[in-house]
Amino acid sequence: MLYRRLIAILILISMAFPVTAHGASNKKAVVLIVDGISLKELNENSVVKIKSLLKEHGAIGLANSRSASRYANDASNYLTLGTGVKTYAGDLGGYSFSLQEGVFFNGKQQKAQDIYAVTGDGSKKDGLLTISFANIVKNALTVPNEATPGLLGQTLKKAGLKIAALGNADILGMPHREHVLITMDQEGHTPLGELDGFSLQSKDGLITDYKKLLSKTFQYLKKADLLVVELGDSARLNHSQRLLSDEVVAQRKKKAIQKADWFAGNLASNLDFNKDMLIIASPKESLMANSQGDFLTPLLVFGQGFKGALASNTTRWPGVVSNTDIASTITAFFNLETPLAFSGQRLTSKTGIGIDRLLEIEQKAVVNDQIRLPLYISFAAIIICAFLASAVVIFLKKVKPGVYSTFQFLIIAVLSFPLTWLILPVFNYSNIVFPLAFTLILPLLIAWIIWRFSKEKSLIPLLTISATTTMALLISGLGGNGLIKESLLGYSPLLGARYYGIGNEYMGILIGACLVAIASLKDYRREPKKAHLALVALLLLITATVIGLPFLGANVGGFIAAMVGFVVAVFYLSEKKFHYRYLLYLLGFIALLLIGLVVFDNIIFKNSSHAGKVFDIIKLGKLAEIRNIIMRKATMNFRNLRYTAWTEVIITMLLVLPILLIRQAGATMKKINADFPNLSACLTGAFAGSIAAFIFNDSGVVPAATCLLFAASALLYVIIDERKKAFRRT
């Protein structure tokens, strides 16, 4: 009897405190797909309900929508949302159906279940099937990002959560159910949902029956923990807008956005944002935005803790996030461990940034990308011309001092471009006129001011521009790299290759400028090489730390390059004789610092940077992924070597400088070494850092060239200066 009573008591206790599946606590996550729209279009149209929701409990941001695909209208963006990493799906990603739905295949009508059985598990009795799943997996394997199609759905499924998909964007007899790529598991199966029967025929072609879709959404909210709803109309317009005039596209998009606003408002009235979450996403940019290179789309998240602008550790750029963050946000919402394969981070929010500021960020990013490549090429051409012309002048025997001074002035002007582009983001601009004029005028103005107040003291101009550039970059780095973010030599939120820290361009410039500044200062003050060596070493270590720390520069390859260059410079400043054991000491020292850097990121910042993620991969023993990272970086390095303008810059430097050194061999070079002993030591460090930058960075030719820029220019400058002095002595 006592045993039976205990059993009864335990049953009553279990009824009082029900056990639920991990993460399942009556919370609902809904993803509304409103594809092919921009933030500007969303802001300009009358989306009263969405804006009202934002004020109460929502956050908005610009999401980088890029996938690993080169095509504007395939399913890769949707698959990226479901894999948590940028990937490639191919053009069959919309082929999802309910089991009994008829599909025209191999010249006849067949059931989706029968077609799926050819490549998948034919025993599925309910839900939705992505019949092209095998093709999608094959396509995902063609890119080196290790994507796992169906990973989000599989993760939720393992946790006992129910997933559903509703709606479609079918057009002209073509199935467009790409949103199912978000909900499917690793067999291409979505447990719940309906895809067919949500369309109406109108004078504009197929349109969504929003009332029916909303009614079904309410039904499935009772069944599913995660529900993904394709609203359809804006996506249809994105697929067909090449056939339509701009006026018709604008009219239909306005209708689609206003209907989406109506739908979102009615849906929100049935959600409790104290526990539920609503995401409104546009997986793909419009075709017009794509043609302009604008890959930023609006992303809205409503729920507890969201207010203002979206943010994430993926970008560390409040207001700008990545499409890969959505999968991590969903798993975090259900209190699940985020799969290591997800490259994105959980979305959060920050106040103080409104839609107007987001539109400014997007507009400036578009303008920067329009002029970045032409200005890069022009800058590279200017460097090449300056080096070649200076070399010609040096080779000539009868040249007046004024000509030498003119070329020294031009070298200072060339070195002023990086500082100019670091200052440019301080100003707001919405077209290319201002940045172009700024780029043409400010370098000459900076060079003129420096030259005007140098009073013919040979090293003052070189010292001033290198020290000013170094200090500006260090201050920007310590302040969160705000100026670097929006600089033409910074990074592009549209391309999404890097969002935070110090990029390869400015990393190389900082290494080279820092070494030239220290050497110029020591030589100007006529200090022996060993003077203040400990202080010099400390300053260089601080600079390397700013480059490498996860919450500052977050550039591991740059940290290695800086340490190589700085240690070599300090070694030559110490005037020690070279021994091979010093090379082992250098490698060991850098390895210890790297380990400390990664451990620091792992413990303090929970692997928010690339170094920390690599550490996690190593811990789990996924050596194949390490190999993929190395191969990806090597491939990118080789591609950039072939296609970037910086390759020609390096080639020019490596051709001109040895010829000049040979030409200046003998008494002249001895005089240069005597007049500038510290400069020769630091230039050796800069050349070593340039080699390390090339080896340890995924676009190594870029930091290698920018690191050499200040070093090679400084050498060219002092050779011209020595020729000018020699002329005056005669």
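When all heavy atoms are compared, the tightest approach of Asn274 to Gln304 is O-OE1, 3.0 Å. When all heavy atoms are compared, the tightest approach of Ser286 to Gly36 is CB-O, 3.4 Å. The two residues Ser349 and Phe306 come nearest to each other via the heavy atoms OG-CA, 3.4 Å. For the residue pair Asp185 and Phe133, the shortest heavy atom distance occurs at O-CE1, 3.9 Å. Contact between Ser67 and Ser76 at its shortest, heavy atoms only, is OG-CB, 3.2 Å. Of all non-hydrogen atoms in Ile50 and Ala264, the two that sit nearest each other are CG1-CB, 4.1 Å.
Considering only heavy atoms from C-beta on, Leu152 comes within 4.5 Å of Phe342 through its side chain. Counting heavy atoms from C-beta outward, Glu360 and Arg357 have side chains that approach closer than 4.5 Å. No side-chain heavy atom of Glu41 sits less than 4.5 Å from a side-chain heavy atom of Pro298. The side-chain heavy atoms of Ile353 and Leu358, taken from C-beta on, include a pair separated by under 4.5 Å. Between Phe333 and Arg346 there is no side-chain heavy-atom pair separated by less than 4.5 Å. With contacts defined as side-chain heavy-atom distances shorter than 4.5 Å, the pair Phe302/Met277 does not qualify. Proximity of Leu244 to Arg252: side-chain heavy atoms (C-beta onward) are separated by under 4.5 Å at one or more points. Proximity of Val30 to Asp276: side-chain heavy atoms (C-beta onward) are nowhere separated by under 4.5 Å.
Judged purely by atom type and a 3.5 angstrom limit, Asn64 uses its side chain to pair as donor or acceptor with the backbone of Pro493. Between the side chain of Lys86 and the backbone N or O of Arg66, at least one donor-acceptor pair lies under 3.5 Å. Using a distance-only test at 3.5 Å, with no hydrogens or angles considered, a donor-acceptor pair links the side chain of Thr348 to the main chain of Ala311. Between the side chain of Thr155 and the backbone N or O of Leu151, at least one donor-acceptor pair lies under 3.5 Å. Put simply, the side chain of Arg498 never gets that close to the backbone of Tyr491: no donor and acceptor are under 3.5 Å apart. In this structure a side-chain-to-backbone donor-acceptor pair under 3.5 Å is present from Ser282 to Val34. A side-chain donor-acceptor contact under 3.5 Å links Thr315 to the backbone of Val320. Under a 3.5 Å cut-off, the side chain of Gln154 and the backbone N or O of Gln186 do form a donor-acceptor pair. One N or O on the side chain of His189 and one on the backbone of Asp126 form a donor-acceptor pair closer than 3.5 Å. Distance alone, capped at 3.5 Å, places no donor-acceptor pair between the Lys485 side chain and the Tyr499 backbone.
Each of Asn168, Leu129, Ile131, Thr130 was evaluated against Phe97; a single residue qualifies, Ile131, per the side chain to side chain contact (heavy atoms under 4.5 Å, CB included) test. A side chain to side chain contact (heavy atoms under 4.5 Å, CB included) with Leu299 is found for exactly one of Ile326, Asp325, Ile280, namely Ile326. Checked options Asn290, Asp294, Asn238; the residue passing with Glu285 is Asn290 (criterion: side chain to side chain contact (heavy atoms under 4.5 Å, CB included)).
Once rounded to the nearest 0.5 Å, the distance linking OG1 of Thr297 with CG of Leu62 reads 8.0 Å. From Met184, atom CE reaches atom CD1 of Ile182 across 10.0 Å, with rounding to the nearest 0.5 Å. Here CG of Leu128 is found 4.5 Å from CG of Leu195. Values are rounded to the nearest 0.5 Å. Put simply, CG on Leu310 and CD1 on Ile60 are 8.0 Å apart, with the number rounded to the nearest 0.5 Å. In this structure, CG in Asp369 is found 3.5 Å from OG in Ser492, a value given to the nearest 0.5 Å. Note that CG of Leu237 and NE2 of His239 are 10.0 Å apart. Values are rounded to the nearest 0.5 Å.
The neighbour count for Lys259 NZ, taken as heavy atoms of other residues, nucleotides or ligands under 6.0 Å away, is above 12. Applying the 6.0 Å contact sphere to NZ of Lys40 captures no more than 12 heavy atoms from other residues, nucleotides or ligands.
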List the steps, then state whether side-chain contact (heavy atoms from CB on, under 4.5 Å) holds for Met174 with Tyr95.
CA-CA 9 Å; Met174 290 294 296; Tyr95 283 65; 3.7 Å; yes
Can Thr183 and Thr190 be said to form a side chain to side chain donor-acceptor pair (under 3.5 Å), step by step?
CA-CA 6 Å; Thr183 60; Thr190 298; 2.9 Å; yes
Just do the side-chain contact (heavy atoms from CB on, under 4.5 Å) check on Ile136 and Leu79 with the steps written out, would you?
CA-CA 9 Å; Ile136 290 168; Leu79 186 63; 3.6 Å; yes
Set out, in order, the CA-CA distance, both residues' side-chain angles and the distance that settles side chain to side chain donor-acceptor pair (under 3.5 Å) for Ser69 and Asp74, then state yes or no.
CA-CA 8 Å; Ser69 172; Asp74 68 13; 2.6 Å; yes
Set out, in order, the CA-CA distance, both residues' side-chain angles and the distance that settles side-chain contact (heavy atoms from CB on, under 4.5 Å) for Leu166 and Leu227, then state yes or no.
CA-CA 8 Å; Leu166 289 175; Leu227 175 60; 3.9 Å; yes
Could you walk me through whether Leu221 and Leu271 pass side-chain contact (heavy atoms from CB on, under 4.5 Å), step by step?
CA-CA 9 Å; Leu221 273 175; Leu271 296 174; 4.2 Å; yes
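With no hydrogens or angles considered, a side-chain donor-acceptor pair links Ser322 and Thr324 at under 3.5 Å.
Applying the ring pair (Phe, Tyr, Trp, His ring centres under 6.0 Å) test to every pair with at least one member in residues 250-296, sequence neighbours left out, gives these pairs: His57-Phe273.
For Glu194 and Lys212, the salt-bridge test fails: no basic side-chain N is under 4.0 Å from an acidic carboxylate O. In this structure, Arg236 does not pair ionically with Asp35, as no charged nitrogen and carboxylate oxygen lie closer than 4.0 Å.
Taking Asn139 as the reference, Tyr88, Asn135 meet the side chain to side chain contact (heavy atoms under 4.5 Å, CB included) condition, with sequence neighbours excluded.
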